[in-house]
Amino acid sequence: MFSDYSEDDAKKRLDAVKAVTGSVPPVNQILSVQPDMFCPTFDVSDSLFKSKGRALDIKTRRLIAMACAASLSGEYCLKAQMAYAKAAGATSEEVLEALQIASFMCMTRSQSYGLREYARQFGIEYEEPDH
């Protein structure tokens, strides 16, 4: 072991995840075999999502994380973040709206890549915006 974290420290963190989501994501299960790697990563996550007094409330942070998980096709993260969002007080309407926004952003990303390549291959001219 490379740090002061023990297997017991890792187990406490895994149990905390399971208490809210009903399961433990495979990434957490696998990484937890090295508590020196898992515990600090978990603690950063805790800091991002549980700390009070930040600009965004906890429910909003969880809705953002859920939307990101959906847009990245993170099956386990989506399940966990949706459970966390619900636990933070998100309504079904808020969850659905966040998912719709994530889906729309993914659609526009695929349109951006797909239509640029389409234009290139079929000789359609367009102007790139100045950023």
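Across M66 and A98, no two heavy atoms sit closer than the pair CE-CB, 3.6 Å. Heavy atoms only, all atoms of each residue included: A69 and L78 are closest at CB-N, 3.5 Å. Contact between P35 and Y5 at its shortest, heavy atoms only, is O-CB, 3.8 Å. Shortest non-hydrogen contact noted between A67 and A102 is O-CB, 3.3 Å. Summarising the geometry of L63 relative to A90, their closest heavy-atom pair is CD2-CB, 3.9 Å, with the distance given to 0.1 Å. In this structure, R62 and A85 approach most closely via the heavy-atom pair CB-CA, 3.7 Å.
Taking CG of D57 as the reference point, atom CZ of R54 lies at 13.0 Å (rounded to 0.5 Å). Atoms CE and CD1, on M37 and I30 in that order, are 13.0 Å from each other to the nearest 0.5 Å. Taken to the nearest 0.5 Å, the CG atom of L99 stands 10.0 Å off from the OG atom of S71. Of the inter-residue distances, the one linking L56 atom CG with L48 atom CG reads 11.0 Å to the nearest 0.5 angstrom. Interatomic distance, Y84 OH to T21 OG1, rounded to the nearest 0.5 Å: 5.5 Å.
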**Message:** Using side chain to side chain contact (heavy atoms under 4.5 Å, CB included), reason through Y118 and I124 one step at a time and then give a plain yes or no.
**Reply:** CA-CA 8 Å; Y118 173 82; I124 299 170; 3.4 Å; yes
Practice problem: Would you sort out whether V33 and E7 count as a side chain to side chain contact (heavy atoms under 4.5 Å, CB included), showing the intermediate values? | Solution: CA-CA 7 Å; V33 300; E7 289 180 14; over 6 Å; no
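Within a 6.0 Å radius of OH in Y126, other residues, nucleotides and ligands contribute more than 12 heavy atoms. Counting heavy atoms of neighbouring residues, nucleotides and ligands inside a 6.0 Å radius, atom CD of E127 does not exceed 12 of them. More than 12 heavy atoms of other shown residues, nucleotides or ligands fall within 6.0 angstrom of atom NZ in K59. The 12-atom threshold is not exceeded at CE of M105, counting heavy atoms of other residues, nucleotides or ligands nearer than 6.0 Å.
Put simply, the side chain of F38 reaches to within 4.5 Å of the side chain of L14, judged on heavy atoms. With a 4.5 Å cut-off on side-chain heavy atoms, Q29 and S23 do not count as touching. For the pair V17/P25, a side-chain contact is recorded, criterion being any heavy-atom separation below 4.5 Å from C-beta on.
Following chains of ILVMFWY side-chain contacts shorter than 4.5 Å, one cannot reach M82 starting from L72, and the two form parts of different hydrophobic clusters.
Legend: residues meeting side chain to side chain donor-acceptor pair (under 3.5 Å) with D15, ordered by chain and number and at least two apart, are K11. Remark: E117 engages R120 in a salt bridge (charged side-chain N to carboxylate O under 4.0 Å, His left out) (not counting sequence neighbours).
No donor-acceptor distance shorter than 3.5 angstrom exists from the side chain of E97 to the backbone of E94, with no hydrogens or angles considered.
Remark: R61 fails to qualify as a cation-pi partner of F49 under the 6.0 Å distance and 45° angle criteria applied to the six-membered ring.
Pairs engaging residues 101-112 under the side chain to side chain donor-acceptor pair (under 3.5 Å) rule: S112-R116 [sequence neighbours left out].
Under 3.5 Å, the side chains of S45 and R13 contain no donor-acceptor pair of N or O atoms.
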